[in-house]
Amino acid sequence: MKRIIWANDGTPAAGRALPVIRNLVASTGAGVTVACVHRDWHIGHRPVLIEDHRPIEQELRLRVDDLLADGIDADLMVTTNDGGHPAQLIADLAEVQDADLIVTGNHGKGAVAGLFTGSFTGHLLKVAHRPVLVVPWRPPDHEPETPN
């Protein structure tokens, strides 16, 4: 494994993937691209909701800096989506970088909320031509026992 794309929108659900990514890097030596797609909402060409993305970018830059400080080949790719689905942009980035794996967190919004906001993870699973690893949005109720 050479490259992992970490789809990260700056939420705690995305952050839960970090330990999984660190384990993958430790066992494979892969590099990591932290990929964030900002979505501003428009009706036609008129902006409806434009967010200040700087705090998210600063947080993601700190994540990348931590990975680099640990000797991990890491970079940050941030783009603003003016049209299609953010999952398609992540899938396209994975193709361009010839990534071996895309890792994403699952927000666990549920079916009703997903109808209104869409499911990034569900769409990514449909459009990606690379393997996708989905990290659950919450930990199990208890940790499994470790055999002695």
Side-chain angles (χ1 to χ4, degrees), residues 1-42 47-144:
M1 186 174 297
K2 295 180 184 172
R3 197 90 201 147
I4 298 168
I5 302 293
W6 178 14
N8 193 326
D9 59 0
T11 61
R16 287 193 49 74
L18 183 57
V20 173
I21 288 169
R22 286 187 174 279
N23 285 339
L24 287 167
V25 168
S27 64
T28 66
V32 178
T33 295
V34 179
C36 180
V37 178
H38 296 304
R39 189 168 198 175
D40 292 330
W41 298 92
H42 295 79
V48 176
L49 176 62
I50 306 294
E51 294 183 42
D52 180 5
H53 304 297
R54 290 177 294 187
I56 293 170
E57 288 183 37
Q58 290 171 350
E59 175 64 29
L60 296 179
R61 172 53 53 202
L62 290 174
R63 300 265 178 156
V64 169
D65 290 345
D66 287 345
L67 293 170
L68 290 168
D70 291 341
I72 297 169
D73 171 25
D75 62 349
L76 176 62
M77 299 287 293
V78 177
T79 187
T80 299
N81 181 14
D82 293 326
H85 201 284
Q88 184 65 59
L89 294 173
I90 296 294
D92 292 346
L93 175 64
E95 290 298 317
V96 168
Q97 289 202 359
D98 195 24
D100 300 289
L101 181 66
I102 303 169
V103 178
T104 186
N106 183 4
H107 289 270
K109 290 186 252 184
V112 175
L115 285 173
F116 293 105
T117 61
S119 169
F120 171 84
T121 303
H123 196 74
L124 182 62
L125 290 168
K126 290 177 188 171
V127 301
H129 296 284
R130 305 291 171 146
V132 177
L133 173 63
V134 180
V135 179
W137 69 280
R138 62 180 174 179
D141 291 334
H142 67 283
E143 295 296 319

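FYI, side chains are in, hydrogens and waters are out, and symmetry mates aren't considered; it's all heavy atoms of this structure.
Atom-to-atom distance recorded for M77:CE and N8:CG is 14.5 Å, nearest 0.5 angstrom. Taking CG of N106 as the reference point, atom CG of L124 lies at 11.0 Å (rounded to 0.5 Å). Within the model, atoms CH2 of W6 and CG of L76 stand 10.5 Å from one another, a figure rounded to the nearest 0.5 Å.
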Requested in this report: Go through the steps for F120 and V37 under the test side chain to side chain contact (heavy atoms under 4.5 Å, CB included), then give the verdict.
Outcome: CA-CA 11 Å; F120 171 84; V37 178; over 6 Å; no
Query raised in the report: Given L133 and L24, is the side chain to side chain contact (heavy atoms under 4.5 Å, CB included) satisfied, shown in steps?
Result: CA-CA 11 Å; L133 173 63; L24 287 167; 4.1 Å; yes
Query - Test side chain to side chain contact (heavy atoms under 4.5 Å, CB included) applied to L67 and L18, step by step - result: CA-CA 10 Å; L67 293 170; L18 183 57; 4.1 Å; yes
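The minimum heavy-atom distance linking A35 with I90 is given by the pair CB-CD1, 3.5 Å. Shown here for A94 and I102, the closest heavy-atom pair between the two residues is CB-CD1, 3.6 Å. Of all heavy-atom pairs spanning A87 and H123, the tightest one is CB-CD2, 3.6 Å. Of all heavy-atom pairs spanning A14 and A7, the tightest one is CB-O, 4.2 Å. The nearest pair of heavy atoms linking I56 to C36 is CG2-SG, 4.2 Å.
With sequence neighbours left out, the side chain to side chain donor-acceptor pair (under 3.5 Å) criterion links R22 to D70. With sequence neighbours excluded, the residues satisfying salt bridge (charged side-chain N to carboxylate O under 4.0 Å, His left out) with R130 are E95, D98. A search for side chain to side chain donor-acceptor pair (under 3.5 Å) contacts involving N23 returns nothing, not counting sequence neighbours. Here D66 pairs with nothing under the side chain to side chain donor-acceptor pair (under 3.5 Å) rule; sequence neighbours left out. D100 pairs by the side chain to side chain donor-acceptor pair (under 3.5 Å) definition with nothing, not counting sequence neighbours. Listed by chain and number, the residues in a salt bridge (charged side-chain N to carboxylate O under 4.0 Å, His left out) with D65 are R61 (sequence neighbours excluded).
Salt-bridge annotation for D75 and R3: present, with a side-chain N of the basic residue lying under 4.0 Å from a carboxylate O of the acidic one.
Screening V64, V32, I4, I21 for a side-chain contact (heavy atoms from CB on, under 4.5 Å) involving I72 leaves a single residue, V32.
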